[in-house]
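By convention in this document, chain letters (A, B, ...) are assigned in the order of the sequence lines, proteins followed by strands, and residues within each chain are numbered from 1.
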2 protein chains.
Amino acid sequence: MSNGFELPLRLLMAFRVLIDALHEELAAQGHSDMRPMHGFVLQAIARGADSAAALGRTLGVSKQAAGKTIETLEGLGYVTRVPDPADSRRKTVVLTDFGVDALRRSAEVFDELRSRWARELGAERLDDLEESLRQMTPGDLFRLDVPGWFG
Amino acid sequence: MSNGFELPLRLLMAFRVLIDALHEELAAQGHSDMRPMHGFVLQAIARGADSAAALGRTLGVSKQAAGKTIETLEGLGYVTRVPDPADSRRKTVVLTDFGVDALRRSAEVFDELRSRWARELGAERLDDLEESLRQMTPGDLFRLDVPGWFG
DNA sequence: TAAGATGGACAATGTCGTTGTCCATATAGT
DNA sequence: ACTATATGGACAACGACATTGTCCATCTTA
């Protein structure tokens, strides 16, 4: 098929290919409990969404849902919650060493995956592909209220 | 950031941009009840996954889940179930006129969206992008067991 | 200082997936 | 032909995960 149906499907499949490869590798490196969503959440936290309410806003979900996600991540050892001295209502979410490790390894694996693509496609074509996508998508990454969006 | 993190994110965002645009347009054309998943399911049905069990296999979910999805789609008027004369266990899932209409309009909108991208990026760059994605993803479309995969 | 906004937690609910089970019907092996 | 197995569909119980509503403590602002 050379019609418009293929483009979105290929975009989704390409995303899945990368994410699946990432998590296969992460699992082999000691992060087998990490789910696709967790990476995005850890990223969001590392970038400043360090409370349940803030995380909820960033991810586009309710603060209750964000709170539960944080609880899960805490149970897996990726984050801890520490009281905020400046605002005793808040509990600041902090990445543990394990969480930082997961993020660091994710970045490494993504870099490796990108290199693999560059080898297969040619660096120039890949750069062009990325530039095209950049041109057709909103500038701000991380307005990805993925959960539930599909249903 | 010029690191490997951006590529998967842009792929996902590009997918979302297209799907959101599609459903905005579909809603304006009388299909406001249709959710992103429904399009994929209708596609799968039209391509031959015309029973609960077959649909489940195609989508990568249980036959029970597929059955419930069909029920939902039936409630929305997109499909009906007719007994199979050749196999009295089966109930063949058939697209209604309304369902066919949704699919036809989806195809049209996707074509329009692709044309828009071609205008913005240049036809050649878009063809090249699509070809690159084709090269990096499995050949068979529709092994997209999307539901639940992300969690 | 009083009024409103905000952060976090608890509860009830809804949706949607799962597994387990059951039954009717097809299909295959002997 | 007959029996064993596989398959299609439905019902039930359960779990994951989101939602809204409510409540309270605390911060902010008028």
If the condition is salt bridge (charged side-chain N to carboxylate O under 4.0 Å, His left out), which residues does A/Glu131 pass it with, not counting sequence neighbours? A/Arg134

For B/Ala46, which residues count as a side chain to side chain contact (heavy atoms under 4.5 Å, CB included) partner, sequence neighbours excluded? B/Leu95, B/Leu103

Side chain to side chain contact (heavy atoms under 4.5 Å, CB included) partners of B/Ser62, counting only residues at least two apart: B/Gln64, B/Ala65

In whole Å, I'd like the distance from the NZ atom of A/Lys91 to the C1' atom of D/dA25. 12 Å

A/Ser62 or B/Ala52, whichever maps to the more 5' nucleotide of DNA chain D: B/Ala52

For B/Glu25, enumerate each residue passing the side chain to side chain donor-acceptor pair (under 3.5 Å) test, keeping only those at least two apart in sequence or located in another chain. B/Gln29

For DNA chain C, stems built from three or more consecutive Watson-Crick or G-U wobble pairs below 3.5 Å: C:1-30 with D:1-30

Who pairs with B/Ala52 by side chain to side chain contact (heavy atoms under 4.5 Å, CB included), at least two apart in sequence or on another chain? B/Ile70

Any pair counted as salt bridge (charged side-chain N to carboxylate O under 4.0 Å, His left out), so long as it reaches residues 63-75 of chain A, sequence neighbours left out: A/Glu74-A/Arg81

Is the distance from OP1 or OP2 of C/dG7 to the nearest side-chain N or O of A/Arg81 less than 4.0 Å? no

Residue list, side chain to side chain contact (heavy atoms under 4.5 Å, CB included) with B/Thr92, at least two apart or on another chain: B/Asp50, B/Val82, B/Asp84, B/Arg90, B/Val94

In this structure, how many angstroms lie between the C1' atom of C/dC16 and the CG atom of B/Leu59, rounded? 13 Å

Contacts of type ring-ring contact (aromatic ring centres under 6.0 Å, His included), residue A/Tyr78, not counting sequence neighbours: A/His31, A/Phe98

Can you pull out the residues from residues 63-72 of chain A that lie within a 4.0 Å heavy-atom distance of DNA chain D? A/Gln64, A/Ala65, A/Lys68, A/Thr69

Output a table of nitrogen or oxygen pairs between the protein and nucleotides 27-30 of chain D separated by less than 3.5 Å.
from: D/dC27; atom 1: OP1; to: A/Ser88; atom 2: N; distance (Å): 3.0
from: D/dC27; atom 1: OP1; to: A/Ser88; atom 2: OG; distance (Å): 2.8

Once you round it to whole Å, what is the distance between P of D/dA18 and CG of A/Leu55? 11 Å

May I ask you to say whether B/Arg114 pairs ionically with B/Glu130, meaning some side-chain N is under 4.0 Å from a carboxylate O? yes

Between B/Arg104 and B/Asp101, is there a salt bridge with N-O shorter than 4.0 Å? yes

A/Phe40 CZ to D/dC17 C1', straight-line distance once rounded to whole Å: 18 Å

Quick one: is C/dT15 close enough that its OP1 or OP2 comes under 4.0 Å of any side-chain N or O from B/Arg35? no

Please identify each residue that fulfils side chain to side chain donor-acceptor pair (under 3.5 Å) with A/Arg89, with sequence neighbours left out. A/Asp87

